[in-house]
Amino acid sequence: MNIGEKLIQNLISGPLTGASPFTAEFPESGWNAQIDLEHRDIVGSIIRELNLERTGDRPDELTTQAWAESIAARASGLLERFAFLEYDSTQDEALLRSDVPSQKQNHLSYYELRLKGTSKAVLRRYQFERGSKFPREQVSFALTHEVLQKLIDDITS
């Protein structure tokens with residue numbers, strides 16, 4: 001059983017109402033997950049933030065940039081696909097964003113995935129108004145459990 005399947009089993013085995021942080025540890029797989037949930041039910045969840053942390057050994061050949069490129073190449077199922085934007089070698093961080101943001105009227109929304117080294121991934125969604133002088137704001141996003149499972153497996157593979 002992969003990490004995504006295990007996480008979804010844990011997620012739906014608890015109470016299925018209300019906002020709450022959700023944490024799951026998978027020492028045998030070498031990953032921990034923390035999800036800031038606004039709501040969850042039997043079909044999916046409304047998520048504020050998804051954090052995945054590698055607790056086990058990383059493959060010797062894996063670099064942060066290579067991890068980012070592989071996620072961008074294989075992750076699918078979200079509203080938009082990821083595009084690898086940049087790698088900061090001094091901080092050992094990589095940034096992926098939606099390749100084409102979703103647009104509703106004058107608002108643009110996009111996913112942002114930050115990789116911190118080869119051990120941490122943080123997924124958030126942002127929205128901003130085109131032409132506005134106000135900065136972007138973090139917004140919650142809905143994912144079915146099937147999409148969440150695939151996304152987690154795409155990131156942790």
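Under a 4.5 Å side-chain heavy-atom cut-off, the cluster of Ile, Leu, Val, Met, Phe, Trp and Tyr residues that includes L85 is completed by L95. With a 4.5 Å cut-off between side-chain heavy atoms of Ile, Leu, Val, Met, Phe, Trp and Tyr, the cluster of F134 takes in none. The hydrophobic cluster containing Y126, built from Ile/Leu/Val/Met/Phe/Trp/Tyr side-chain heavy atoms closer than 4.5 Å, also comprises L108, Y110, F128.
The hydrophobic clustering, which links ILVMFWY residues whose side-chain heavy atoms are closer than 4.5 Å, places L79 and L123 together. Residues L62 and F82 are members of one and the same hydrophobic cluster, defined by side-chain heavy-atom contacts under 4.5 angstrom among Ile, Leu, Val, Met, Phe, Trp and Tyr. Under the 4.5 Å side-chain heavy-atom criterion for ILVMFWY residues, no single connected hydrophobic cluster contains both V122 and L37. If you chain together hydrophobic residues whose side chains sit under 4.5 Å apart, V139 and V147 never meet in one group.
Residue pairs meeting the salt bridge (Lys or Arg N to Asp or Glu O under 4.0 Å) criterion with at least one partner in residues 147-156, sequence neighbours excluded, are K150-D154. Screening residues 70-83 for salt bridge (Lys or Arg N to Asp or Glu O under 4.0 Å), with sequence neighbours left out, gives E80-R125. Counting only residues at least two apart or on different chains, the salt bridge (Lys or Arg N to Asp or Glu O under 4.0 Å) pairs with a member in residues 94-108 are R97-E112. Within the structure, no pair that satisfies the salt bridge (Lys or Arg N to Asp or Glu O under 4.0 Å) test touches residues 52-73, not counting sequence neighbours.
For the pair L113 and A121, the tightest heavy-atom approach, listed with the atom from each and the gap, is CD1-CB, 4.1 Å. Scanning both residues, Q127 and S109, for their nearest heavy atoms gives OE1-OG, 3.6 Å. Considering every non-hydrogen atom in both S45 and H145, the closest pair reads OG-CE1, 3.3 Å. Of all heavy-atom pairs spanning F22 and R40, the tightest one is CD1-NH1, 3.7 Å. Nearest heavy atom pair, residue S98 against residue Y111, reads OG-N, 2.7 Å.
Atoms CG and CZ, from L96 and R114 in turn, are 10.5 Å apart once rounded to the nearest 0.5 Å. For the atom pair CZ (R124) and CG (D36), the distance works out to 10.0 Å, reported to the nearest 0.5 Å. One finds the CD1 atom of I46 at 8.0 Å from the CG atom of D41 (value rounded to the nearest 0.5 Å). Distance CD1/I152 to CG/L50: 5.5 Å, rounded to 0.5 Å. Taking CD of Q65 as the reference point, atom CG of L115 lies at 11.0 Å (rounded to 0.5 Å). Atom CD1 of residue I35 and atom CG of residue L7 lie 4.5 Å apart, to the nearest 0.5 angstrom.
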Acceptor/donor pairs from residues 26-33 side chains to any protein atom, 3.5 angstrom cut, sequence neighbours excluded:
residue	atom	partner	partner atom	Å
E28	OE2	K6	NZ	2.9
S29	OG	K6	NZ	3.2

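Residues that satisfy the side-chain hydrogen bond (donor to acceptor under 3.5 Å, both in side chains) test with T156, not counting sequence neighbours, are absent from this structure. Applying the side-chain hydrogen bond (donor to acceptor under 3.5 Å, both in side chains) test to N10 and every residue at least two apart in sequence or in another chain returns nothing. A search for side-chain hydrogen bond (donor to acceptor under 3.5 Å, both in side chains) contacts involving N51 returns E49, not counting sequence neighbours. Annotation: salt bridge (Lys or Arg N to Asp or Glu O under 4.0 Å) contacts of E146 (sequence neighbours excluded): none.
A donor-acceptor pair under 3.5 Å is absent between the side-chain atoms of D88 and the main chain of E93, judged by distance alone.
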Inset, instruction - Could you walk me through whether L52 and I3 pass the side chain to side chain contact (heavy atoms under 4.5 Å, CB included) test, one step at a time? - result: CA-CA 11 Å; L52 297 168; I3 297 165; 5.8 Å; no
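Residue Q103 qualifies as enclosed at atom CD: its count of foreign heavy atoms under 6.0 Å is above 12.
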